[in-house]
Amino acid sequence: MITQKKLSKALKAIQGIIIQARSMAEHTEDSKKIAMLLDLAEYLPGLLLDQDDKTDEFSEFLAGVGHKFPNCQYIIDEFNSSN
């Protein structure tokens with residue numbers, strides 16, 4: 001699970017990754033890079049469904065996504081913002 005405070009941001013982060021993958025496809029990005037990004041995104045819903053608090057793990061995983069895909073950094077920044 002993700003804390004209630006971060007749940008909306010977590011859903012937006014997953015949505016942002018999917019949007020970024022679509023954008024990469026539209027700009028003829030390497031299909032292997034797109035597949036890697038989608039593979040990473042595939043893991044995130046499971047953290048939402050886990051019975052234990054996975055908020056920190058979700059945040060750390062997003063940071064890894066941002067490291068591998070710098071064009072996704074805005075997603076991580078939004079998730080970690082206090083708003």
Hey, mind stepping through Leu11 and Ile2 against side chain to side chain contact (heavy atoms under 4.5 Å, CB included) and telling me if it holds?
CA-CA 10 Å; Leu11 292 170; Ile2 302 297; over 6 Å; no
Considering residues at least two apart in sequence or located in another chain, which fulfil the side chain to side chain donor-acceptor pair (under 3.5 Å) criterion with Asn80?
Ser59
Nearest-0.5 Å distance, CG of residue Leu49 to CE of residue Met1:
12.0 Å
Identify which one of Asp50, Leu47, Thr3 satisfies the side-chain contact (heavy atoms from CB on, under 4.5 Å) criterion when paired with Phe58.
Leu47
Those residues that, when tested against Ile19, pass side-chain contact (heavy atoms from CB on, under 4.5 Å) (two or more places apart)
Gln15, Arg22
Closest heavy-atom contact between Leu38 and Ala21?
CD2-CB, 3.7 Å
Selection residues 9-46 - residue pairs positive for ring pair (Phe, Tyr, Trp, His ring centres under 6.0 Å), sequence neighbours left out
Tyr43-Phe61
Across all chains, not counting sequence neighbours, the side chain to side chain donor-acceptor pair (under 3.5 Å) partners of Asp77 are Gln73
Test of understanding: with side chain to side chain donor-acceptor pair (under 3.5 Å), list the residues that count as partners of Lys33, not counting sequence neighbours.
Glu29
Is Leu37 close to Cys72 at the side-chain level, that is, under 4.5 Å between some pair of heavy atoms?
yes
Set of residues satisfying side-chain contact (heavy atoms from CB on, under 4.5 Å) with respect to Ala41, sequence neighbours excluded
Ile17
Flag yes if more than 12 heavy atoms outside Gln4 fall under 6.0 Å of its CD atom; otherwise flag no.
no
Think Lys6 forms a cation-pi with Phe79, using NZ or CZ under 6.0 Å from the six-ring centre and within 45 degrees of its axis?
yes
Sequence neighbours excluded, every pair satisfying salt bridge (Lys or Arg N to Asp or Glu O under 4.0 Å) that has a member inside residues 54-76:
Lys54-Glu57
Side chain to side chain donor-acceptor pair (under 3.5 Å) partners of Asp53, counting only residues at least two apart:
Thr55
Taking the side chain as C-beta and beyond, is there a heavy-atom pair between Leu48 and Ile14 under 4.5 Å?
yes
